[in-house]
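Comments concern the structure below.
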Amino acid sequence: MSELTKKIQEGVVRAAAELYGAELPAKQAVIQPTRKDFEGDFTAVMFPLTRLARKKPEQIGEEVGQWLVSHLDEIDRYNVVKGFLNLVVADSYWTTFVQQHVADASFGRFPATGQKVMVEYSSPNTNKPLHLGHIRNILLGWSISRILEAAGHEVIKTQIINDRGIAICRSMVAWKRWGNGATPESTGKKGDHLVGDFYVLFSKKFEEEYAAWQQTEEAERVFAERHKEGQTREEFFKAFKNRYFNEFSELGAEAREMLRRWEAGDEETLRLWRMMNDWVLEGFEETYRKLGVSFDKTYFESDTWQLGKEIIEEGLAKGVLHKDGKRVWVDLSNIGLGEKTIIKSDGTSTYTSQDLGTARMRYEEFGFHKMIYVVGDEQISHFQGLFEILRRLGEPYAEGLYHLAYGMVDLPTGRMKSREGTVVDADDLIEEVIAEARKHAEERGEIAELPREAQDDIVRKIGMAALKFFIIKVNPRKRMTFDPSESVDMQGQTGPYVQNAYVRIQSVLRKADACDADRATAYSALQEGERELVKQLYQYPEIIETAAREYDPSHVANYAYNLARAFHKFYHDYPILKAESEEARAFRLELSRMVARVLADAMDLLGIEMPDRM
RNA sequence: GGCUCCGUAGCUUAAUUGGAUAGAGCACCUGACUACGGAUCAGGAGGUUGGAGGUUCGAGUCCUCCCGGAGUCACCA
């Protein structure tokens with residue numbers, strides 16, 4: 001809560017004590033920004049006082065209002081509507097506020113909390129390129145990291161690359177069989193896309209193999225023996241695919257053999273694996289760079305997949321985990337999850353066992369207070385189980401673990417499905433939004449005079465702003481529909497709209513010759529539109545606090561939009577450079593300067609850059 | 001079926017965590033400066049906040065029960 005609202009709140013509590021001899025809990029003295037349709041800056045809700053004062057809310061409002069005006073310098077006057085006490089803050093308070101913070105880089109930054117927070121926000125598989133779903137994940141993780149830093153925490157950004165397992169082996173088999181030694185250099189293809197192509201090729205060949213197999217006598221026999229009562233041939237073979245892969249498929253056997261050799265440390269297999277993984281990782285790096293994100297620490301599943309043995313032994317000794325033969329499991333029925341397997345009966349590890357081990361390893365390495373996993377909501381129960389196990393084991397960091405679950409990204413046509421080729425590729429998407437921004441810029445011709453590189457830079461910033469803002473403005477919890485045509489919109493509630501407010505201010509500032517900034521505080525006829533802007537600026541730190549507490553960057557995005565909107569209106573309604581007085585001109589310039597600074601700061605927390613022209 | 005999440009205008013969404021007449025954008029219609037950048041601004045139309053009860057001075061928000069959608073409940077990751 002900000003300084004002034006806190007002061008008002010304390011004032012209300014003290015007023016209650018002095019006027020009515022009542023002890024009002026601070027929490028019940030609700031202070032909120034006044035709604036637009038009433039006069040005032042802050043509103044104190046009087047209803048909770050009625051019981052204590054045993055008077056009508058209107059009368060209490062009058063009495064408390066008078067008390068506040070005479071005891072707080074900042075409060076100029078008040079009015080009462082029903083049980084709402086609307087308080088008007090003195091102009092001098094606002095003009096001083098702007099003067100104090102116009103160049104204050106610490107505005108919107110909180111003092112160090114001493115808390116160390118680890119944020120894991122990317123965990124891609126190395127068998128195919130990043131797609132739209134990853135983009136939401138990455139943008140969310142990046143911005144929440146920045147917001148947590150602004151809130152005073154020390155943040156360690158991390159990713160875990162899932163670089164081993166049967167999936168990458170499929171790509172490896174396909175490359176070996178049909179690749180003819182293709183490389184990113186020889187094909188001119190980005191490494192992750194090249195490997196992804198082989199993954200797709202494997203699937204295609206496997207489908208063909210499976211279809212052919214269904215015509216064989218062996219398939220006939222399998223169907224006869226294993227199909228359920230009333231199940232058609234088609235239904236049976238659709239459901240049987242995975243088992244076919246594991247029991248009958250030649251390609252499946254080859255991929256499994258590849259995995260076996262990898263696990264056995266076969267040199268040739270490892271060489272191939274390293275080569276293809278490196279291609280993918282370089283591709284990922286490029287995409288990350290285009291998205292403007294980075295990590296402090298990268299983990300690889302190939303290093304961590306066997307972790308967890310130690311912690312599992314402890315769990316067995318403590319009776320938290322149970323063992324049947326080689327299989328290790330845990331009873332999670334208390335949180336509605338039933339039995340969960342941690343080590344399979346063939347002795348191999350699972351995702352859960354890795355995650356147990358990785359959590360402890362990270363804690364030992366960084367000693368974090370909080371660890372946030374930014375992972376899709378389809379894994380909610382996985383994390384519930386994981387955290388529950390760590391709690392039962394008495395791990396010291398268990399209470400600080402948090403799964404930031406975001407909803408899937410759908411297309412207007414429905415869910416993205418890699419099998420149906422409806423996945424939106426990250427690189428393609430980035431290219432598209434930039435192309436769209438370029439198209440708009442060319443139509444407008446505003447930046448046509450600039451050198452090529454400068455134009456490219458601006459167009460890139462605008463396109464990325466459109467894409468990022470479109471994704472981040474939605475509450476992470478919600479499943480979102482990604483309409484490609486809307487995502488490149490540049491008007492209305494969009495990134496470019498916010499940028500435009502900033503650009504307009506830069507344009508004004510360029511034209512403003514040096515003027516006496518000190519005269520700004522002498523301005524004493526604050527207009528409605530000015531007041532509205534100042535109040536919104538004043539809210540900024542609180543917004544960051546809320547976004548950090550809720551792990552929700554959409555608050556910051558919506559704030560930036562609202563601030564930009566208020567500025568556009570202000571810009572339209574009042575002259576700045578040709579203001580009616582020197583004081584007004586000085587104040588409006590300072591006010592605009594601060595709006596620009598806060599807009600840029602807020603957008604920076606979302607990973608969005610501001611152009612100076614557009 | 002158990003657990004979890006979601007449901008707000010035709011569409012995409014917000015609501016300061018229980019506060020005033022539910023606020024925006026898109027799309028549609030109508031307007032605006034010989035002006036500091038029109039990627040702008042103003043106005044119109046569009047709502048029984050999925051439904052029904054309940055708690056409260058006050059409910060989109062909390063409780064109960066329904067309806068609809070999604071996810072998950074694997075010796076997958």
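Protein chains get the first letters and strands the later ones, always in sequence-line order, with residue 1 at the start of each.
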Does the side chain of A:Arg504 get closer than 4.0 angstrom to OP1 or OP2 of B:C36 through an N or O atom?
no
Run the numbers on A:Asp456 and A:Arg460 for salt bridge (Lys or Arg N to Asp or Glu O under 4.0 Å), then give the verdict.
CA-CA 6 Å; A:Asp456 286 347; A:Arg460 179 186 61 80; over 6 Å; no
For a quick check of understanding: with a heavy-atom distance under 4.0 Å over all strands, which category does A:Arg479 fall into, base, sugar-phosphate or nothing?
sugar-phosphate
Checking all strands, does A:Asn86 fall into the base, sugar-phosphate, or nothing category for heavy-atom contacts under 4.0 angstrom?
base
For A:Phe47, report the nucleic acid contact type (base, sugar-phosphate, nothing); a contact means any heavy atom under 4.0 Å.
base
C1' gap between B:U8 and B:C3, integer Å
26 Å
Paired stretches of RNA chain B - 3 or more consecutive Watson-Crick or G-U pairs, each distance under 3.5 Å:
B:1-7 with B:67-73, B:10-13 with B:23-26, B:28-32 with B:40-44, B:50-54 with B:62-66
When we call it a touch if two heavy atoms are under 4.0 Å apart, what does A:Arg327 touch: a base, just sugar-phosphate, or nothing?
base
When you measure from the side chain of A:Asp163 to the backbone N and O of A:Phe300, does any donor-acceptor pair fall under 3.5 Å?
no
Please report whether the ring centroid of A:Phe570 lies less than 6.0 Å from that of A:Phe567.
yes
If we take the C1' atom in both B:A70 and B:U40, what is their distance in whole Å?
39 Å
To the nearest angstrom, how far is A:Leu589 atom CG from B:C36 atom C1'?
10 Å
Indicate, with a heavy-atom threshold strictly under 4.0 Å, whether A:Val503 touches base, sugar-phosphate, or nothing.
base
Between A:Phe206 and A:Tyr244, what is the ring plane arrangement, given parallel below 30°, perpendicular above 60°, and tilted in between?
tilted
Classify A:Thr350 by what it touches in the nucleic acid, base, sugar-phosphate, or nothing, heavy-atom distance under 4.0 Å.
sugar-phosphate
Looking across every strand, which nucleic acid part, if any, lies under 4.0 Å from A:Glu378 by heavy atom: base, sugar-phosphate, or nothing?
sugar-phosphate
Touch class at under 4.0 angstrom, heavy-atom based, for A:Phe470 against every strand present:
nothing
Plane angle bin for A:Phe470 and A:Phe482 - parallel if under 30°, tilted between 30 and 60°, otherwise perpendicular
perpendicular
A:Tyr373 vs A:Phe383 aromatic rings, parallel, tilted or perpendicular, using cut-offs 30° and 60°?
tilted
If you measure from the P atom in B:C75 to the same atom in B:A15, how many Å do you get, rounded?
39 Å
B:G60 and B:C76: how far apart are their P atoms, nearest whole angstrom?
48 Å
Any base atoms under 4.0 Å from A:Asn562, or only sugar-phosphate, or nothing? Heavy atoms, all strands.
nothing
Would you classify A:Pro48 as touching base, sugar-phosphate or nothing, given that sugar-phosphate means primed atoms plus P, OP1 and OP2, and contacts are heavy atoms under 4.0 Å?
base
Contact class for A:Ile462 vs. all strands (heavy atom < 4.0 Å): base, sugar-phosphate, or nothing?
base
For A:Met614, answer base if it contacts any base atom (sugar-phosphate contacts may also be present), sugar-phosphate if it contacts only those atoms, and nothing otherwise; contact means non-hydrogen atoms under 4.0 Å.
base
Can you check the distance between B:A14 and B:A24, where both ends of the measurement are the C1' atom (answer in whole Å)?
7 Å
Just to be sure I understand the rule, does A:Asp377 reach a base, reach only the sugar-phosphate, or reach nothing, if contact means heavy atoms closer than 4.0 Å?
sugar-phosphate
Looking across every strand, which nucleic acid part, if any, lies under 4.0 Å from A:Gln379 by heavy atom: base, sugar-phosphate, or nothing?
base
